[in-house]
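We name chains A, B, ... by the order of the sequence lines, and we start the count at 1 in each one. Worth saying up front: this structure is predicted, and the values here are computed from it rather than measured.
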Amino acid sequence: MGKILALLIVLIVVGSVWSFVSGHWWFPVGISEHAGAIDAQFKRTAVVVAVAFIASQLALAYAVFKYGSKGSERAIYSHGNNKLEAIWTGITAVIFIILAFLGQVVWYNLHIRDAAPGAVQVDVVGQQFQWNFHYPGKDGIMGSTDAKYINDAALNYVGLNPDDETSKDDIQMSILVIPEKRPVAIKIRSKDVIHDLFIPALRIKQDAVPGMNVAMHFTATKTGKYEIACAELCGSLHYNMKTFMLVVSQDEYDQLSAMSEDKFKERINQLMAAEPLQ
Amino acid sequence: METTITTDLKIKTGMGAGGGKNFGDDGGGPQGADSNSSDWPPGYSPEDAIEPTKYRIAVWLGLTSIAMLFIALTSAYILRQYNGMTAAKPDWQPLHLPSALWITTAIILLSSLSFEIARRALKQNRYEKFKTWISLTTALGFLFLAGQVLAWRQLASQGIYLRSNPHSSFFYVLTGLHALHLLGGIVVLSYVLISAWRLRIGLRKRTTVEVTSLYWHFMDGLWVYLFVLLFFF
Amino acid sequence: MAEVMHPTHGEVHHHEPPTGWLRKYVFSLDHKVIGIQYFFLALFSVFVGMALSLLMRLQLANPGQKIAFLATLFPQAAKDGVVTPEMYLSLVTMHGTIMVFFVLTTAPQGGFGNYFLPIQIGAADMAFPLLNMLSFWTTFVALAFMIAALFCNATTLGPIGGWTGYAPLSALGNIAGPGQGIGVVLWVSSIGLFCIASLLGALNFITTMLNLRTKGMSLMRLPLTCWAWFTTAVLSLLSFPVLMAAGVLLLLDQLAGTSFFIPTGEYVSGKLLDTGQQGGSPILWQHLFWFFGHPEVYIAILPGMGLTSHVLSTFARKPVFGYKAMVYAIFAIGLLGFFVWGHHMFMSGMDPRTAIAFSLITLTIGVPSAIKTFNWLGTIWNSRMRFTTPMLFSLGFVSLFVSGGITGLFLGQSTIDIPLHDTYFPVGHFHLIMGVAAIFGIFTGTYFWFPKMFGRLMHEGLGKLHFFLTFIGVNAIFIPFHVMGMVGAPRRYSTHGDLQYLSSVMPLHKFVTYMAIITMAAQFIFLFNLFWSMAKGKKAADNPWEATTLEWDIPSPPPFDNFGGVEPVVHHGPYEFSVPGAPNDFVMQTDPMVVEGQEAE
């Protein structure tokens, strides 16, 4: 019985390790400046996890294999070993705490440090069940919004203030367009319930919370078309609250920025049709 | 719903050992058989295992969980107040303190005092005195609840209801939950009172009086805390 | 003055059991009957929860497929026998809630704790038997409410919100879409009742353990199971009131038009909600919920950890390695569990600076967890293991605890949580550790204590078959969840087929569903074994496992007042196995014998 269990544990270890390292399943290609750092922290942690996981499971398998009952022979009578205990505890504590500290660097850069000046502005508004992206338009100034102006039927999804001069040229669209290699500052909110803007390729995930305006910033490094999903349960069609992100060249983005709403959307639709999904 | 925690506890307290199956409940247990104090771990004596301790522990635990309930609500209150006052369109409108609450605060403070006098009288075996003061305590308890209802009516007459604004929501929730818990205390007190008038205050009922006084003082302190939190914080 | 106590000496206090059927089996005050009631309540719930997960698995493997029997069972919710997205989400919600509350919280604590805590400390019953009965029946009513919630929304199978019921989705009522309104009201009410029941139980457990220990049962002679139940009760006592507070506020938002959790300017279903006050905070619900929710994870797993230590030592025929370290580790896990709730909220929009603190504290929980693992390995090292079914399950527990727990090192870091949050990765993580490992704890308890509870042995062959199928099955189901999460598969999706970057997870979904079906089928072996053994199993001796603690000192099943009115006296620690010089390889706690080779306590 012990031998079967030992074999099984070894097989589980092999299977688990294989599923992680086989290459069939891994994070999507990271296309943001911080993606590499997140992935590196993941790999560092994975090394610690793998060593601890394999060592504990194999020790368990070995013990189960080796220490089966042998007739009336007795086990070794011992209540433990404080010295071993202290060493083991000390080592794990040190490793875990070092890991925890290392992990904070990326977090600090993403969430606590302010966005670089001159970053491209996009406001994100979640609703059941679509994403709205609000661009400042030609004047480069984000027009003011308020919930009382929201009117889905009139396509004013984000609640642009019609009386505000700066909002006249603003553009709202369900596709996220950003330039490559230029910092992007987004503000995320929601109209109804909590959603979560999940852009796997960017390694970005942030709840869109009604009543809050959460700021984030990032820099995309590669052009292309990528998928966006919702990662917080928001109601019946949660699974289908998806859209796309277009990362365009800086030239293209500058041209887009100078366009009126109709032209902007037309160009985006062209690009959407032309770009293959990454 | 809230009050069940404590009323059940209290009813239990009054009824003694419930199933009556514990070794301790008739004084056997630790003192029985070949009791030898050296069998007990340090700091733990046979006396620790007799009934009153059990109820005292239980009431302290019950009070801990009630405290957690109100701590949770307090944190919600403080956060909501902060949000309501700092928002672009502040929606936190502080209530005017209903005058009835000054009176109820005085009443509940007095009830604690009279409970304490009653408790000491019982300790000195002065039954008549105990009876008088425990009756007064119970009456003050009812009076307090009546006063709270009056305060709610005062607010309602100004058109301030549960959903009117965040402060009134919290006011009704906090005072309502406190009143429910106090009602639990009153139920037990009434039971003690009836026993007292029928001259049936045995050792177990004395435990009931002891632990109920603990609970009562806590409810008193909790009220003062809520009063300060709601109107002076 | 009939109530004055008369200390009596040398007298046996034997109590007669009640005679009426109702008082004996239904409204019983006997902790053993109540324990068995809890056990069966959890058994019923676990099969309901499992059935819900089967429907989820069928949908995920072949999205949109028609399942003939569903159309018959739920003509409105499952139109044409297809699991609709709404129905899928209600399945998710009900599966999670039922499993967490009515299985993982109920069985280890309410079931085994109730039955064995008093016996293991040498008491005749819990401190407050009436309270004990009340807490069971309150749990029962709570379950009735929860089951009612399954059938109250015609187009779904219960509320939609996940077991976490995030506001404002859960606070807005019918306007927020299908699966809201009455279903959520029943769901919250059920949880409120469950809170009350758990508080009554916790109070009883703590008082019992502090006050009713028998002679000689010093704190450091308590079986580790008792320490686990005790710590669990403390966690319940401190965390359930907070959930209660959150539940009361949510219920008022639903029914009374308050807006504790509903913010200003809500534009829902094409309408601006502008009535009354609306400056509530959705994040507040999360803070209150997770302040309860994280300790709840330990409420589910700690009894399993205690029992694993206990059973490993018993069948390894070797004392627990580092008994005191084990006790302190349980405390440390319980204590730290109150300061890490924020790691569920890294993406919630809360102040990012707090995430750093939560990250650091979360990783320190890894330290006491590592102590436990190390000590379990230390216990079986150089031992002489007997591979009975309960032993296999507790070895399985250790393996699952390692597999499930260690991925917490990823999720506890806010940085790595960015790609992994709300994907299948945490789903795999918590299913392994708080789901399956805790369930393995429950199986360990069942196979280990069945002889004591029912006076008969469970069938070993069937038990081992059940173990191997389940152990392979749960690993094959939940390890793939981790890699699906790395690819980026979001949880609570009725299909991943609509997102192209997830194409590689679709074959895994099929594989997992096959494994789930095998694993679920294996549970019927358990169910059969359980009921068959109750009637036909081999008669059990008083101490069939040659164990040391007090429950093995009395008949199987124990008499009404456990020790027949005689108070047991404890002379040894709980894990005196293989003591050199002792006649047997185990020294019972009640054995007055002084053995030369025994280590000083």
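With a 4.5 Å cut-off on non-hydrogen atoms, L252(C) touches chain B through its side chain but not through its backbone. For a residue to count as touching a neighbouring chain, one of its non-hydrogen atoms must lie under 4.5 Å from one of that chain's; by this rule I283(C) does not touch chain B.
Around the CZ atom of F338(C), the shell of radius 6.0 Å holds more than 12 heavy atoms that belong to other residues, nucleotides or ligands. The environment of CH2 in W137(C) is crowded: more than 12 heavy-atom neighbours from other residues, nucleotides or ligands sit within 6.0 Å. More than 12 heavy atoms of other residues, nucleotides or ligands sit less than 6.0 Å from atom CZ of F70(B).
Using the six-membered ring where Trp is involved, F128(C) and Y55(B) have ring planes that are tilted, between 30° and 60° apart.
Nearest heavy-atom pair, L199(C) versus S65(B), reported as atom, atom and distance to 0.1 Å: CD2-CB, 3.8 Å. Residues L203(C) and L61(B) share a closest heavy-atom pair of O-CD1, 3.7 Å. Contact detail for A245(C) and L69(B): the closest heavy-atom pair is N-CD1, 3.7 Å.
Considering only heavy atoms from C-beta on, F260(C) comes within 4.5 Å of V173(B) through its side chain. Residues L210(C) and T53(B) are not in side-chain contact: their nearest non-hydrogen atoms beyond the backbone lie 4.5 Å or more apart. The closest side-chain heavy-atom distance from S75(B) to V242(C) is not below 4.5 Å. Residues M68(B) and F292(C) fail the side-chain proximity criterion, which asks for heavy atoms closer than 4.5 Å.
The distance from the CD1 atom of I66(B) to the CE atom of M244(C) is 11.5 Å, given to the nearest 0.5 Å. A distance of 11.0 Å separates CZ in R56(B) from CG in N211(C), rounded to the nearest 0.5 Å.
Exactly one of S164(B), S169(B), P166(B), S168(B) qualifies for a side chain to side chain contact (heavy atoms under 4.5 Å, CB included) with T258(C). That residue is S169(B).
Heavy-atom proximity under 4.5 angstrom to chain B picks out L237(C), L238(C), P241(C) from residues 230-241 of chain C.
Residue pairs meeting the side-chain hydrogen bond (donor to acceptor under 3.5 Å, both in side chains) criterion with at least one member in residues 193-204 of chain C: none, sequence neighbours excluded.
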